[in-house]
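Each remark here refers to the structure printed beneath this line.
Throughout, a chain's letter reflects where its sequence line sits, starting with A, and its residues are numbered from 1. The figures that follow rest on heavy atoms only: side chains count, while hydrogens, waters and symmetry mates do not.
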Amino acid sequence: MMPAQSESILERMIARYGMPSPALEYHSLYQLVVAVVLSAQTTDSQVNAVTPSLFRRFPDFQSLAGADIAEVETIIKSTGFYRNKAKNITLLARDITHNHGGTVPENREELMRLPGVGRKSANVILAMGFNIPAFAVDTHVLRVANRIGYCATDDPLKVEASLTSIIPETMWIPGHLLFITHGRRTCRARNPLCPECAINDLCAFAGKTL
DNA sequence: ATCCCGAGGG
DNA sequence: CCCTCTGGAT
């Protein structure tokens, strides 16, 4: 089956889910960057469960830059990979404080040089933090894009290239959120709900066996 | 290619 | 029990 027009697919997703807002909870650029690094390979609710106490204890980059890593580990432990994440956000806070004048870089190259920030996280920060068009490819986006038929690859960079060529730039940010929502609620990894899917007539995967 | 790492769901 | 969750660094 030929991949459907992206406009139709996104319109259907909006009709089904509404226009989703980011599930990650944050109230500043500082909080966004830290929450995004913590969100690697864990659910947003796991991150949202620890960030209030983390941000109460360390309200900005400067305070986190001076944090005791063991204390940070204790606070964020339940998000998994806590040793790496504690080290990364502390070093990241130091880097931004000392080498970036306390402000978050606004371009992908510099963002990706921050510890714990790869291309996916950099794209999320650009999109959500600066409203700069970017299509972050996480596990949900990768799965949904492959099932729809927009690509056939496990390489997130290639998935991103397909999505950014198929979908109009003005829809990259809402498209990202819509793909995430669709992946969570309907196009689930394990038991996708194809019969009740809003785009099953436009999807290359619907009706196929796992 | 492998490691880091915990929690929730089916 | 096994799979999955908005990955990144070595």
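- A ring-centre distance under 6.0 Å is not found for A:Tyr26 and A:Phe55.
- Using the six-membered ring where Trp is involved, A:His176 and A:Phe135 have ring planes that are perpendicular, over 60° apart on the 30 and 60° scheme.
- Atom CG of A:Asn191 and atom P of B:dG10 are 8 Å apart (whole Å).
- Comparing A:Arg119 and A:Arg143 by the nucleotide of DNA chain C whose heavy atom lies nearest to each, the residue mapping closer to the 5' end is A:Arg143.
- At a threshold of 4.0 angstrom between heavy atoms, the contacts of A:Lys77 are confined to the sugar-phosphate backbone, with no base atom among them.
- The distance between atom OH of A:Tyr82 and atom P of B:dA7, rounded to the nearest whole Å, is 10 Å.
- Residue A:Arg188 places no side-chain N or O under 4.0 Å from the OP1 or OP2 atom of C:dC5.
- Within the nucleic acid shown, A:Val117 comes within 4.0 Å of sugar-phosphate atoms alone, with no base atom in reach, counting heavy atoms only.
- Rounded to the nearest Å, the gap between the P atom of B:dA7 and that of C:dA9 is 24 Å.
- Note on A:Gln41: a base of the nucleic acid sits closer than 4.0 angstrom, heavy atoms only.
- Between A:Leu91 atom CG and C:dA9 atom C1' the separation is 13 Å, expressed in whole Å.
- Within the structure, every side-chain polar atom (N or O) of A:Thr43 is placed at least 4.0 Å from both OP1 and OP2 of C:dT4.
- Residue A:Leu38 is classed as having no contact, given no heavy-atom separation below 4.0 Å to the nucleic acid.
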#### Entry: Intermediate values then yes/no, side-chain hydrogen bond (donor to acceptor under 3.5 Å, both in side chains), A:Ser45 and A:Asn48
CA-CA 5 Å; A:Ser45 63; A:Asn48 295 337; over 6 Å; no
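- A 4.5 Å side-chain heavy-atom check between A:Glu71 and A:Phe58 finds at least one atom pair inside the cut-off.
- When each of A:Arg113 and A:Ser39 is assigned the nucleotide of DNA chain C bearing its nearest heavy atom, the one mapping closer to the 5' terminus is A:Ser39.
- Of the candidate nucleotides B:dC4, C:dT6, B:dG6, B:dG6 has the atom nearest to the side chain of A:Ser78.
- In this structure, NE2 of A:His182 is placed 14 Å from P of C:dC5, rounded to the nearest angstrom.
- When distances are taken from the side chain of A:Gln46 to each of B:dA7, C:dT6, B:dG10, the shortest belongs to B:dA7.
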### Message
Quick one, A:Arg12 with A:Asp201, criterion salt bridge (Lys or Arg N to Asp or Glu O under 4.0 Å). Give me CA distance, side-chain angles, the key distance, then yes/no.
### Response
CA-CA 11 Å; A:Arg12 297 255 196 109; A:Asp201 59 322; 2.7 Å; yes
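- Taking all atoms of both residues into account, the shortest heavy-atom contact from A:Ala67 to A:Thr90 is O-CG2, 4.1 Å.
- Rounded to an integer number of Å, the gap from CZ of A:Phe179 to C1' of C:dC5 is 19 Å.
- Residue A:His176 places no side-chain N or O under 4.0 Å from the OP1 or OP2 atom of C:dT6.
- Only the P atoms considered, B:dG10 is 14 Å distant from C:dT6, to the nearest whole Å.
- Rounded to an integer number of Å, the gap from A:Lys120 NZ to C:dA9 P is 13 Å.
- The side chain of A:Ala189 sits closest to C:dT4 out of C:dT4, C:dT6, B:dC5.
- Atom-to-atom, CD1 of A:Ile125 to C1' of C:dG8 comes out at 13 Å; the value is rounded to the nearest Å.
- Within the 4.0 Å cut-off from OP1 or OP2 of C:dC5, at least one side-chain nitrogen or oxygen of A:Thr139 is found.
- Using a 4.5 Å heavy-atom threshold, the side chains of A:Pro115 and A:Arg94 count as separate.
- The interatomic distance linking A:Arg190 (CZ) with C:dT4 (P) rounds to 6 Å, in whole Å.
- Residue contacts shown for A:Pro115 are limited to sugar-phosphate atoms, with no base heavy atom under 4.0 Å away.
- Here the side chain of A:Ser121 is nearest to one of C:dC5, C:dG7, B:dG9, namely C:dG7.
- Separating the C1' atom of C:dC3 from that of B:dC5 is a span of 15 Å, rounded to the nearest Å.
- Checking the phosphate oxygens (OP1, OP2) of C:dT6, a side-chain nitrogen or oxygen of A:Arg184 falls inside 4.0 Å.
- Under the stacking definition used here (centres under 5.5 Å, planes under 30°), the residue A:Phe81 fails to qualify as stacked on the base of B:dG6.
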